[in-house]
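No experiment lies behind these values; they were computed from the predicted model shown.
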Amino acid sequence: VQLLAFGALGGGIWLLAHVPSTARVRSNDPMYPLTARGAAPMRERPARWPNRVGVAVVWALLALAIAGFAIAAFDTDQEGAIPIGMAIVSLAGASLAVYGLCIALGRLEPPAIHWVRTPAIASWFPRGGSVMLMGLTMLAWALLIAAEDRLIWGAIGLVALLLAILLVTPLFRQLPTRGRR
């Protein structure tokens, strides 16, 4: 139930990030060009091997998180199963969040199989934001489960994650446009 709640929270934030605002920017404004439909223009290019490796990395980290969840959920005889399983899920979630941050900073390519579609103009939701959001959702869920199991690293990690999100989020509005155009 908690995983579904955190997944719904992450999905809701992702949906809100992709909903256009009610204020329309003029289509003849050279700083914010729009297509004939009123949407921001997209740049498309064929996916290369770094993009395909990114897809494999995302799926491998998701499989690792599922394995960690399975260890914690289905091994009821062993008392150390929840800490090990949640540590694995936390590691996978943190890795996804760091990968998304590297995409947002322009250090790594976004995951894609056939085509890479990126906005031609910078937006407040950075490239790689969905990968980062997925990782942060898994990390927060795993830390919450660990804190409920009275593990000190879960409580400290959850507080540190919340403080880091509150302190780092304003910096995304100030990211350089070099890697995002």
Side-chain angles (χ1 to χ4, degrees), residues 2-18 40 42-72 84-146 153-154 156-181:
Q2 290 174 347
L3 178 60
L4 290 175
F6 272 94
L9 175 69
I13 293 171
W14 181 81
L15 282 174
L16 283 175
H18 285 85
M42 298 295 284
R43 188 177 69 175
E44 294 183 354
R45 63 177 170 83
R48 296 176 301 188
W49 70 269
N51 304 107
R52 293 184 181 102
V53 168
V55 170
V57 166
V58 168
W59 280 105
L61 288 172
L62 287 175
L64 182 66
I66 290 170
F69 173 73
I71 288 171
I84 292 171
M86 290 302 108
I88 291 171
V89 175
S90 296
L91 177 68
S95 299
L96 275 173
V98 168
Y99 179 56
L101 181 65
C102 290
I103 294 169
L105 294 174
R107 305 282 186 230
L108 293 174
E109 290 291 319
I113 295 176
H114 299 294
W115 290 94
V116 179
R117 293 176 180 90
T118 55
I121 57 174
S123 68
W124 72 270
F125 193 69
R127 239 177 48 174
S130 57
V131 174
M132 190 176 5
L133 187 60
M134 182 173 40
L136 288 174
T137 302
M138 286 187 339
L139 177 62
W141 173 74
L143 290 174
L144 180 67
I145 296 296
W153 60 267
I156 291 172
L158 192 60
V159 170
L161 178 66
L162 292 174
L163 287 175
I165 289 172
L166 290 174
L167 295 174
V168 172
T169 302
L171 296 177
F172 278 114
R173 295 190 185 265
Q174 301 171 1
L175 281 177
T177 58
R178 177 181 57 88
R180 294 176 19 179
R181 288 198 180 234

Legend entry - side chain to side chain contact (heavy atoms under 4.5 Å, CB included) between W153 and M86, worked out: CA-CA 11 Å; W153 60 267; M86 290 302 108; 4.1 Å; yes
Inset, instruction - Kindly determine whether I71 and I88 satisfy side chain to side chain contact (heavy atoms under 4.5 Å, CB included), including the steps that lead there. - result: CA-CA 9 Å; I71 288 171; I88 291 171; 3.8 Å; yes
Inset, instruction - Please lay out, stage by stage, how L96 and M138 fare under the test side chain to side chain contact (heavy atoms under 4.5 Å, CB included). - result: CA-CA 9 Å; L96 275 173; M138 286 187 339; 3.5 Å; yes
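Contact detail for V131 and P111: the closest heavy-atom pair is CG2-CG, 4.2 Å. Of all non-hydrogen atoms in F69 and V89, the two that sit nearest each other are N-CG2, 3.6 Å. Nearest heavy atoms, S90 versus L143: OG-CD2, 4.0 Å.
Residue M132 holds its CE atom at 9.5 Å from SG of C102, rounded to the nearest 0.5 Å. Rounding to the nearest 0.5 Å gives a distance of 13.5 Å between CG of L161 and CD1 of I156. Here the CE-OH distance, from M134 to Y99, works out to 10.0 Å after rounding to the nearest 0.5 Å. For the atom pair CG of L163 and CG of L167, the computed distance is 6.0 Å after rounding to the nearest 0.5 Å. Interatomic distance, L4 CG to L9 CG, rounded to the nearest 0.5 Å: 12.5 Å. Taken to the nearest 0.5 Å, the CG atom of L158 stands 6.0 Å off from the CG atom of L144.
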Got a list of side-chain donor-acceptor pairs under 3.5 Å for residues 47-64, not counting sequence neighbours?
from : atom 1 : to   : atom 2 : distance (Å)
N51  : OD1    : R48  : N      : 3.0
N51  : ND2    : P110 : O      : 2.7
R52  : NE     : I113 : O      : 3.0
R52  : NH1    : A47  : O      : 3.2
R52  : NH2    : A47  : O      : 3.3
R52  : NH2    : I113 : O      : 3.2

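For the side chain to side chain contact (heavy atoms under 4.5 Å, CB included) test, residues two or more places apart in sequence or in another chain that qualify with L91 are S95.
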